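First comes the structure, then the notes that go with it.
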Amino acid sequence: MIEKIKQEIKNEIEKSILMKYESSAPVIVEEPKKASQGDISVPVFTIVKALGKPMPEIVSFVKNVIEESPWATYLEEITPMGGFINLLLKKSSVGKRIVEDFFSEEHFGSSEIGKGKTVCIDYSSPNIAKSFSIGHLRSTIIGHSIGNILEKCGYKIVRINHLGDFGTQFGKIIYAYLNFGDKEAVKQNPVEELAKLYVEFHELAKEQPELEDKAREIFKELEQNNPEYVALWAWFREESLKDYMKVYNLLKVSFDSYHGEAFYNDKMAAVIDELKQKNLLKKDQGAMIVDLGEAYPPALIQKSDGSTLYITRDLSALFYRKNTYHFDKVLYVVGNEQKLHFDQIKKVVDLMGYDFSDQIVHVNFGLVLQDGKKMSTRKGKTVKLEDVLQEAINLSLTYIEEKNPDLENKELTAEKIGVSAVVFNDLKNYRSGDFEFNLTDMVNFSGQTGPYLQYTSVRITSILESVDYHELTAFNPVFFEYDPAFEMLKQISIYKDIIEKSAEEYAPSILAKYLLNMASLFNTYYAKEKINVEDELERNTKCRLIYMVRNVLNDGMRLLGMQPIEKM
RNA sequence: GACUCGGUAGCUCAGUUGGAUAGAGCAACGGCCUUCUAAGCCGUCGGUCGGGGGUUCGAAUCCCUUCCGAGUCGCCA
């Protein structure tokens with residue numbers, strides 16, 4: 001409703017300028033920074049400049065246009081201040097419309113910008129035989145949330161876990177296992193043992209560089225279906241997946257496809273052939289490359305021993321997805337450090353003569369640093385995700401024991417709060433920034449955190465239950481005249497716009513920041529206003545308002561991949 | 001060395017199609033629980049928007065330059 005009023009006023013002004021001055025001028029309709037400056041503001045500088053007319057003339061002209069427009073019925077005051085024209089909304093009539101809009105929609109905030117379109121999202125994608133790290137947590141929760149948000153916008157989503165289950169790393173692990181692995185230990189504790197072997201391999205390879213060649217040799221044979229290696233590969237993969245499922249169950253994350261890199265083993269020859277046919281492949285230093293010109297280093301498609309590389313498999317996967325799902329967009333939720341890789345893929349797709357490289361989006365995110373540096377699996381320098389989640393859950397349980405020891409289902413509630421805290425801590429900041437790993441921050445429960453949102457929602461639920469609120473009771477918008485109440489209504493009215501913006505920018509942080517603001521508005525309101533009052537009409541109006549707030553909070557949390565609760 | 005991304009309060013970050021006095025949270029300090037959950041609320045303190053030029057009515061935002069940090073740069077993924 002608010003956005004609509006802004007847009008319509010903008011249209012009216014643009015139209016009138018065209019009619020009167022027979023020329024167009026850029027019109028800005030925005031929200032002022034200070035609440036004291038009104039609800040909507042129109043800076044006229046741009047118009048003055050474009051038309052070359054004196055400021056007072058334009059100010060009175062624009063003011064007049066707004067006064068005459070049909071939307072003036074929603075305006076309380078129109079106040080020119082310097083080069084700005086500030087508008088104050090009529091709180092009760094605008095508030096009434098916002099409430100009506102909210103209850104007329106089946107799923108408030110849903111958008112149709114993605115109707116009929118399909119988006120593939122490649123995310124999580126842990127590397128088999130390595131423990132699930134914080135880095136993969138980022139991909140998992142960012143990807144999952146973007147999927148939810150796009151789904152709310154009407155897109156059909158294909159969630160793909162592109163498992164890192166192939167490549168030279170398998171040569172290394174198989175070599176390590178066969179030469180110094182302990183079968184029983186691996187059976188007992190598969191992922192941990194395999195990760196240990198991987199680290200040991202790299203330590204040994206420092207002294208004996210020829211091991212790298214051995215590993216490449218083994219991988220080449222694995223690629224050619226050596227039965228012994230394939231059996232080990234399958235075993236490692238299965239055990240690792242079992243381990244990852246624990247994390248996915250905690251996070252409530254699931255996928256439509258678990259096709260990893262190995263799935264494309266028999267599909268790469270076709271891509272290589274096509275590249276050959278199109279004369280893009282050339283031999284260089286024994287390997288096969290695609291020359292990408294001045295701007296980028298060449299793409300290495302095939303190693304000198306004939307085995308394939310990451311980009312080869314990614315190209316196969318790309319074409320497979322295009323042909324299978326007919327996507328309108330394919331998102332890769334992968335770290336910043338792979339930017340070049342995706343730039344190269346797009347370039348190769350262009351050179352092959354396809355026109356969909358602009359549908360490929362690298363949804364990049366920042367590194368999780370330790371002591372200011374990238375964590376390294378090879379050196380065994382990673383933090384295990386499970387430990388972090390468990391820490392958050394434990395802390396959450398401690399809080400419950402302290403604050404609400406009689407709560408039912410304490411463990412389950414603690415789990416939801418703890419996991420949601422970790423999820424929110426990641427999503428509240430724009431994804432591309434690096435951040436230093438800090439357990440204290442991740443399990444912090446006060447201020448701009450997941451538990452703050454949970455707590456706010458629970459408070460509202462508690463009130464609604466205590467007054468036994470029903471949606472359809474009568475309300476009186478006169479109670480929306482109170483500023484903190486109207487601020488919440490304004491926020492509610494832009495929920496859909498926030499969702500759309502988050503979707504367009506693949507940025508859950510926009511939604512996260514919005515939810516924090518909404519929760520803060522409620523808590524301010526709650527501290528000042530008694531909701532469960534004697535007067536029935538007043539009580540029902542207030543309940544209707546906080547009911548909307550609670551539903552937006554819960555829906556937003558759900559989109560972020562958090563788990564809303566009723567009590568805590 | 002080249003390219004990419006970043007530098008805003010002590011810390012973590014919002015804010016960039018150029019707009020009014022640059023905003024939150026944490027930390028510190030001071031208040032608020034006989035009344036709907038204090039995981040909360042209110043207040044105080046805290047800023048050369050990395051530095052220097054430029055564009056203009058107006059720059060954290062755009063351009064140039066420079067410093068600092070991280071990442072990437074053919075046989076890993």
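To find a chain, count down the sequence lines: A is the first, B the second, and so on, and within it residues start at 1. Not measured: the values here are computed from a predicted model.
- Here, B:rU8 and B:rA24 have their C1' atoms 13 Å apart, quoted to the whole Å.
- With a 3.5 Å ceiling on both atom-pair distances, B:rG47 lacks any Watson-Crick or G-U wobble partner.
- As judged by a 4.0 angstrom heavy-atom cut-off over every strand, A:Leu367 is placed among residues touching the sugar-phosphate backbone only.
- Between A:Tyr525 and A:Phe522, the ring-plane angle classifies as tilted under the 30° and 60° cut-offs.
- Taking the O4'-C1'-N9-C4 or O4'-C1'-N1-C2 dihedral as appropriate, B:rG30 has a value more than 90° from 0 and is therefore anti.
- The CD1-C1' distance, from A:Ile173 to B:rC76, rounds to 12 Å in whole Å.
- Atom name P, nucleotides B:rA2 and B:rU65: the rounded distance is 12 Å, in whole Å.
- Note on A:Gln338: a base of the nucleic acid sits closer than 4.0 angstrom, heavy atoms only.
- Here A:Leu340 lies in heavy-atom contact (under 4.0 Å) with sugar-phosphate atoms only.
- Residue ring and nucleobase are not stacked for A:Phe45 and B:rG58 under a centre distance beneath 5.5 angstrom and an angle between planes beneath 30°.
- The P atoms of B:rC26 and B:rC42 are separated by 11 Å, rounded to the nearest whole Å.
- When distances run from any side-chain atom of A:Glu30 to the nucleotides B:rC75, B:rA39, B:rG19, the shortest one goes to B:rG19.
- Nucleic acid contact class of A:Thr46 (heavy atoms, under 4.0 Å, all strands): base.
- In this model, the phosphate group of B:rG23 is approached by a side-chain N or O of A:Lys34 to a distance below 4.0 Å at OP1 or OP2.
- Of the candidate nucleotides B:rC41, B:rC13, B:rG74, B:rC13 has the atom nearest to the side chain of A:Lys513.
- Listed nucleotides: B:rA39, B:rC76, B:rA38. Nearest to the side chain of A:Pro451: B:rA39.
- In this structure, A:Glu529 reaches the bases: a heavy-atom distance under 4.0 Å links it to at least one base atom across the strands shown.
- Distance from the side chain of A:Asn429 is smallest for B:rA14 among the nucleotides B:rC41, B:rA14, B:rA39.
- With a 4.5 Å cut-off on side-chain heavy atoms, A:Gln338 and A:Tyr332 do not count as touching.
- When both distances must be under 3.5 Å, the Watson-Crick or G-U wobble mate of B:rG58 does not exist.
- Taking only side-chain atoms of A:Asp284, from C-beta outward, the nucleotide of B:rA77, B:rG74, B:rU35 with the closest atom is B:rG74.
- For the pair A:Asn523 and A:Thr456, the minimum side-chain heavy-atom distance is below 4.5 Å.
- Atom CD of residue A:Gln491 and atom CG of residue A:Leu515 lie 10.0 Å apart, to the nearest 0.5 angstrom.
- Along RNA chain B, the nucleotide nearest to A:Gln37 and the one nearest to A:Ala519 differ in position, and the one closer to the 5' end is contacted by A:Gln37.
- Within the nucleic acid shown, A:Ile289 comes within 4.0 Å of at least one base atom, counting heavy atoms only.
- With B:rA39, B:rG25, B:rG74 as the candidates, the nucleotide lying closest to the side chain of A:Ile400 is B:rA39.
- At a cut-off of 3.5 angstrom, counting only N and O atoms as typed in the model, there is no donor on one side facing an acceptor on the other between the side-chain of A:Asn444 and the base of B:rA39.
- Residue A:Asn86 is classed as a base contact, given a heavy-atom separation below 4.0 Å to a base.
- Pairing for B:rC3 goes to B:rG71, judged as Watson-Crick or G-U wobble with the two contacts each under 3.5 Å.
- In terms of phosphate contacts, A:Ser462 brings a side-chain nitrogen or oxygen within less than 4.0 Å of OP1 or OP2 of B:rU37.
- Rounded to whole Å, the separation between the C1' atoms of B:rC11 and B:rC33 comes to 30 Å.
- Between A:Tyr264 and A:His162, the ring planes lie tilted relative to each other; the angle falls in the 30° to 60° range.
- Under the ring pair (Phe, Tyr, Trp, His ring centres under 6.0 Å) test applied with A:Phe263, the options A:Tyr258, A:Tyr320, A:Phe166 reduce to a single match, A:Tyr320.
- In summary, the aromatic rings of A:Tyr177 and A:Phe236 are positioned with their centroids under 6.0 Å apart.
- Both distances falling under 3.5 Å, in either a Watson-Crick or a G-U wobble arrangement, occur for no nucleotide opposite B:rA20.
- Checking the phosphate oxygens (OP1, OP2) of B:rU56, no side-chain nitrogen or oxygen of A:Lys49 falls inside 4.0 Å.
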Less than 3.5 Å apart, which donor and acceptor atoms pair up between the side chains of residues 497-504 of chain A and the rest of the protein, not counting sequence neighbours?
unit_1, atom_1, unit_2, atom_2, d
A:Glu500, OE2, A:Ser111, OG, 2.8
A:Ser502, OG, A:Ile498, O, 2.9
A:Ser502, OG, A:Leu511, N, 3.3

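- Nucleic acid contact for A:Pro32: base, since at least one base atom lies under 4.0 Å from a heavy atom of the residue.
- Taking the O4'-C1'-N9-C4 or O4'-C1'-N1-C2 dihedral as appropriate, B:rC33 has a value within 90° of 0 and is therefore syn.
- Taking the C1' atoms as reference points, B:rU35 lies 16 Å from B:rG40, given to the whole Å.
- OP1 or OP2 of B:rA77 sits under 4.0 Å from a side-chain N or O of A:Arg313.
- Contact annotation: A:Tyr399 side-chain N/O to B:rG40 OP1/OP2 distance is not under 4.0 Å.
- In this pair, A:Tyr455 does not lay its aromatic ring on the base of B:rG40; centres under 5.5 Å and planes under 30 degrees do not both hold.
- Residue A:Pro43 is classed as having no contact, given no heavy-atom separation below 4.0 Å to the nucleic acid.
- For A:Ser520 and B:rA24, the shortest distance from a side-chain N or O to OP1 or OP2 is not below 4.0 Å.
- Contact annotation for A:Gly167: backbone-only contact, meaning every heavy-atom pair under 4.0 Å involves sugar-phosphate atoms and none involves a base.
- Nucleotides B:rA60 and B:rC5 have their P atoms positioned 22 Å apart, rounded to a whole Å.
- Side-chain proximity of A:Glu261 to the nucleotides B:rA77, B:rC73, B:rA20 is greatest for B:rA77.
- For A:Ser41 against B:rA20, a side-chain-to-base donor-acceptor contact under 3.5 Å is present.
- Both distances falling under 3.5 Å, in either a Watson-Crick or a G-U wobble arrangement, place B:rG30 opposite B:rC42.
- Residue-to-nucleotide contacts include a donor-acceptor pair under 3.5 Å from the side chain of A:Ser304 to the base of B:rC75.
- For the P atoms, the distance from B:rU56 to B:rC63 is 16 Å, rounded to whole Å.
- Taking every side-chain heavy atom of A:Asn523 into account, B:rC41 is the closest of B:rC73, B:rC41, B:rC76.
- Listed nucleotides: B:rA20, B:rU37, B:rC57. Nearest to the side chain of A:Lys33: B:rA20.
- For the pair A:Ser307 and B:rC75, the criterion of a side-chain N or O lying under 4.0 Å from OP1 or OP2 is not met.
- Between B:rA38 and A:Arg459, a contact under 4.0 Å exists linking OP1 or OP2 to a side-chain N or O.
- Closest approach to the A:Tyr526 side chain among B:rC75, B:rU37, B:rA39 is made by B:rU37 (side chain taken as heavy atoms from C-beta onward).
- Going from the P atom of B:rG43 to that of B:rG23 covers 14 Å, rounded to whole Å.
- Between A:Ser124 and A:Phe132, some side-chain heavy-atom pair lies under the 4.5 Å cut-off.
- For the pair A:Tyr310 and A:Lys428, nearest-nucleotide mapping onto RNA chain B gives the more 5' position to A:Lys428.
- Salt-bridge check for A:Asp305 with A:Arg216: failed, with every basic side-chain N at 4.0 Å or more from each acidic carboxylate O.
- By the stacking rule of 5.5 Å between ring centres and under 30° between planes, A:Phe84 stacks on the base of B:rA20.
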